[in-house]
Number of protein chains: 2
Amino acid sequence: MAASTLTEVARLAGVSPATASRVLNGSARKPGQDIAERVRQAADSLGYIPNAQAQGLAKSSSGLIGLIVHDIADPYFAAIALGVQEAAREQRKMVLLATTAGAPADEKEAVAAFAARRADSIVIAGSRSSRPEDKEGNAELAAELDRYCRNGGHVGVVGHPVVGATAAGGYHVVTVPNEELAASLAAELTASQEGDFVIIGGPEGLFTSDDRVRGFQRGLAKAGRHPAEVLRSAFNRSGGYEAGLALAARIKDARRDGSSGAGSERAGSKGTKRICIFAVNDVMAIGAAAALRSEGLRIPRDATIAGFDDIETLRDFRPALSTVRLPLEEIGRQATRSAARADAGTDDAEGATSPISGQITLRRSTETAA
Amino acid sequence: MAASTLTEVARLAGVSPATASRVLNGSARKPGQDIAERVRQAADSLGYIPNAQAQGLAKSSSGLIGLIVHDIADPYFAAIALGVQEAAREQRKMVLLATTAGAPADEKEAVAAFAARRADSIVIAGSRSSRPEDKEGNAELAAELDRYCRNGGHVGVVGHPVVGATAAGGYHVVTVPNEELAASLAAELTASQEGDFVIIGGPEGLFTSDDRVRGFQRGLAKAGRHPAEVLRSAFNRSGGYEAGLALAARIKDARRDGSSGAGSERAGSKGTKRICIFAVNDVMAIGAAAALRSEGLRIPRDATIAGFDDIETLRDFRPALSTVRLPLEEIGRQATRSAARADAGTDDAEGATSPISGQITLRRSTETAA
DNA sequence: GCTGATTGGGAAAGCGCATTCCCACTGCAT
DNA sequence: ATGCAGTGGGAATGCGCTTTCCCAATCAGC
């Protein structure tokens with residue numbers, strides 16, 4: 001038994017397909033009460049479900065929102081995805097998910113697939129990169145996105161504008177003040193941290209990471225500190241772990257070198273106060289913390305550490321992680337809404353979404369009292 | 001500029017749409033080399049992207065896989081989603097995501113939406129429930145799923161069969177041996193835990209939760225322990241937290257009552273050894289642990305605790321959580337594959353996926369040495 | 001009671017593609 | 001030279017729906 005069609009419903013109700021269509025799927029013209037009733041009854045006696053593909057073809061709009069993330073299992077993206085999902089629901093649309101591991105080539109492919117499905121809008125989360133090896137991929141991605149926009153699509157971008165995008169009206173970026181927030185974080189930290197700062201960053205060229213690094217350095221400079229050394233590794237937990245391992249070795253070395261003095265200074269003498277680590281995201285921070293711990297170092301005793309994002313699942317981590325809270329769900333919602341609003345032709349200035357802001361959240365991992 | 005169509009490409013290449021279709025989208029008939037080349041050039045000079053909706057309409061298959069989860073931000077579901085995503089990619093399909101908070105009514109709606117989009121298969125993760133208030137919703141959900149199956153759809157179910165499903169060939173359940181694993185966990189725990197066991201479960205009627213509770217009790221019984229008391233609360237972190245708060249109070253009371261004796265016994269005398277808490281999933285366990293900690297209790301000193309799932313993001317939690325490792329990604333993959341295989345008409349017995357198994361993983365949170 | 005405006009329903013033309021059917025042509029064997 | 005299978009391309013149909021256009025019937029206004 002194949003799914004029943006509008007025509008069957010119409011026949012059963014004794015009306016034309018046109019009329020059936022008008023009553024079942026909101027049309028401007030409302031058929032008479034009696035007829036409408038007949039059609040409706042016929043419809044659910046047959047268990048009629050409209051074929052969205054056909055509807056889409058006819059109306060040329062699909063009710064689909066494409067979402068591109070690096071990794072849906074990463075809580076950062078999962079939170080954004082939840083927001084997107086909610087916004088989609090408001091618009092009575094469904095979301096098509098693509099995970100790309102951040103590879104521009106895959107992202108391009110995803111965009112093409114979304115375009116093929118005539119997604120009404122697409123939301124692209126996850127940092128763009130400007131790494132040389134991604135250059136070509138980025139260009140293709142931008143071209144694909146541009147084409148999508150020129151064909152009437154709208155894309156909501158989380159964070160940074162897409163590199164090389166030229167289609168004017170199609171892009172709607174939700175700006176996340178990564179740099180400012182990182183600067184503020186640095187400012188607050190300098191108040192309590194006496195030792196040197198070290199930054200664990202993602203690969204160079206990853207915008208989100210670069211912004212946060214830059215902001216943090218700026219904050220340090222403003223506070224009269226010298227710039228932090230920057231360790232680069234993968235933008236995930238294991239990246240953080242690796243960097244953490246390197247730092248652990250260094251901390252231990254420093255301690256050994258200076259261990260001649262009395263035991264009053266906890267992290268060696270020689271002017272080397274306890275270092276403060278800033279990892280550009282929470283997941284990396286957790287990885288780094290795990291590495292330190294595995295090397296017998298304790299936080300905040302032997303080193304302090306701060307992250308970024310304030311991932312909900314990680315809030316129960318101990319010592320509680322100092323970080324910058326970002327309204328991830330809201331970010332996802334806004335990206336989705338802004339793209340949709342433009343899609344609907346509503347004036348973008350009207351009901352513009354409030355700018356994203358974050359909140360410095362100092363917790364145990366950077367306490368210096370102990 | 002609207003997206004270009006097959007017809008335009010054909011015209012530019014000087015061939016008929018039929019031929020263009022044959023060369024651009026794999027058909028049984030392969031046009032000649034020269035013509036194929038002409039068409040392909042025309043296609044990408046126009047930036048042609050096939051309209052998947054139209055293709056779907058014509059072929060009546062959409063290349064879509066519907067995925068239903070309770071909450072994509074829950075790491076459990078996120079991990080499954082990742083597996084589904086991977087399997088979808090193998091099949092060159094895209095996944096449509098729906099989050100339903102576990103409400104059968106929403107799930108029914110999601111199924112209908114998937115059916116409307118003619119999803120080739122749908123994967124439904126997240127525990128079904130048999131709670132009385134969900135009864136009606138469940139029936140409707142089952143009806144909707146049945147209808148979807150009768151219309152040729154295939155559904156992959158994670159965990160428990162859908163209640164009330166009658167369509168024979170359409171369902172493919174990936175069985176997770178929750179009960180057995182919980183029993184094994186109990187068995188292993190009884191070896192080291194001397195005190196009473198307490199179970200923090202989800203709402204009664206949630207299959208996953210019920211299975212784990214039942215299995216755990218069975219394991220206890222087998223080891224000659226008396227059944228654990230079962231505390232019920234929400235199947236998420238805050239549920240665990242609440243229950244944890246209640247337990248904390250109880251532990252403190254017990255300790256106060258028996259605090260007359262010498263300080264050698266850590267958790268009061270009076271025969272009340274330190275209790276062992278089994279939370280039916282990791283997230284709840286973390287919540288409970290947080291509650292205990294907030295009440296000044298320490299794990300495993302004042303109480304031990306174990307979870308279930310071995311959520312990756314939670315592995316860095318300290319004390320490390322004893323739990324049961326479940327191959328969540330693999331579960332997602334299998335659910336997706338089994339539904340797809342049936343869809344493709346491949347013999348299901350052939351290349352049948354290996355049964356899911358878990359692994360008891362004891363860590364610090366249940367250590368009794370300290 | 002007649003005209004013009006309005007309403008309410010149906011017929012039909014696509015939306016973009018796959019696919020079946022048909023036809024012209026080639027190459028081979030007879 | 002003639003017939004045949006085989007090959008490669010095009011015409012046409014239909015997937016299920018929306019929407020424009022058209023037409024009959026109703027209503028108001030004079």
Side-chain angles (χ1 to χ4, degrees), chain A residues 1-40 42-43 46-64 113 115-120 151-152, chain B residues 1-40 42-43 46-64 113 115-120 151-152:
Chain A
M1 153 192 171
S4 48
T5 73
L6 222 211
T7 314
E8 290 171 22
V9 173
R11 188 166 13 185
L12 181 62
V15 300
S16 79
T19 306
S21 170
R22 291 196 261 256
V23 18
L24 293 179
N25 316 66
S27 156
R29 285 178 54 174
K30 293 285 169 203
Q33 280 295 328
D34 44 346
I35 285 222
E37 195 49 37
R38 271 222 314 280
V39 171
R40 244 178 297 260
L46 286 180
Y48 170 71
I49 295 185
N51 184 326
Q53 311 222 59
Q55 290 190 150
L57 225 209
K59 296 199 282 209
S60 63
S61 110
S62 59
L64 255 28
R117 300 228 142 67
R118 297 301 185 264
D120 297 334
N151 287 346
Chain B
M1 153 191 169
S4 48
T5 74
L6 223 210
T7 313
E8 291 171 20
V9 172
R11 187 166 13 184
L12 181 63
V15 301
S16 79
T19 305
S21 170
R22 290 196 261 255
V23 18
L24 293 178
N25 315 67
S27 157
R29 286 179 53 175
K30 293 284 168 203
Q33 281 295 329
D34 45 345
I35 285 222
E37 195 49 36
R38 270 221 318 279
V39 172
R40 245 179 296 261
L46 285 180
Y48 169 71
I49 294 184
N51 184 326
Q53 310 223 59
Q55 291 189 151
L57 224 208
K59 298 198 281 207
S60 64
S61 109
S62 59
L64 255 28
R117 302 225 140 71
R118 298 301 185 262
D120 297 334
N151 287 345

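First the proteins, then the strands, lettered A, B, ... as listed; each starts at 1.
Atom CD of A:Glu37 is separated from atom P of C:dG9 by 14 Å (rounded to the nearest Å). Per the geometry, CG belonging to A:Leu24 stands 16 Å off P belonging to D:dG16, to the nearest Å. Per the geometry, CG belonging to B:Asn25 stands 20 Å off P belonging to D:dC15, to the nearest Å. Atom CD of B:Gln33 is separated from atom P of D:dG9 by 11 Å (rounded to the nearest Å). Atom CG of B:Leu6 is separated from atom P of D:dG14 by 20 Å (rounded to the nearest Å). Between A:Arg118 atom CZ and D:dC17 atom C1' the separation is 17 Å, expressed in whole Å. Atom P of nucleotide D:dG16 and atom CG of B:Leu57 are separated by 7 Å, given to the nearest angstrom. Rounding to whole angstrom units, CZ of residue B:Arg38 and P of D:dG8 are separated by 15 Å.
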Distance-only criterion, 3.5 Å: show the donor-acceptor pairs between side-chain atoms of residues 12-22 of chain B and protein atoms not counting sequence neighbours.
from, atom 1, to, atom 2, distance (Å)
B:Ser16, OG, B:Ala18, N, 3.3
B:Ser16, OG, B:Thr19, N, 3.2
B:Ser16, OG, B:Thr19, OG1, 3.2

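Partners of B:Ala58 by side-chain contact (heavy atoms from CB on, under 4.5 Å), not counting sequence neighbours: none found.
Mapping B:Ser60 and A:Ala18 onto DNA chain D via the closest heavy atom, the residue that lands nearer the 5' end is B:Ser60.
Between B:Arg118 and A:Ile49, the closest heavy-atom pair is NH2-O, 3.8 Å. Across all non-hydrogen atoms, the minimal contact from A:Val23 to A:Ala36 is CG2-O, 3.9 Å. Considering all non-hydrogen atoms of both residues, A:Ser4 and A:Glu8 come closest at CB-OE1, 3.0 Å.
Annotation: side chain to side chain donor-acceptor pair (under 3.5 Å) contacts involving residues 46-64 of chain A, sequence neighbours excluded, comprise A:Asn25-A:Gln55.
The stretch residues 48-56 of chain A comes close to DNA chain D through A:Tyr48, A:Pro50, A:Asn51, A:Ala54, A:Gln55, each having a heavy atom under 4.0 Å from the strand. For residues 9-17 of chain B, proximity to DNA chain C is found at no residue, defined as any non-hydrogen atom under 4.0 angstrom from a strand atom.
From one end of the helix from C:dG1-D:dC30 to C:dT30-D:dA1 to the other, with five pairs defining each end axis, the axis direction shifts by 50° (rounded to 10°).
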Filtered N/O pairs between nucleotides 21-26 of chain D and protein, under 3.5 Å:
from, atom 1, to, atom 2, distance (Å)
D:dC21, N4, A:Arg29, NH1, 3.4

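Side-chain nitrogen and oxygen atoms of A:Ser21 include none within less than 4.0 Å of the OP1 or OP2 phosphate oxygen of D:dC17.
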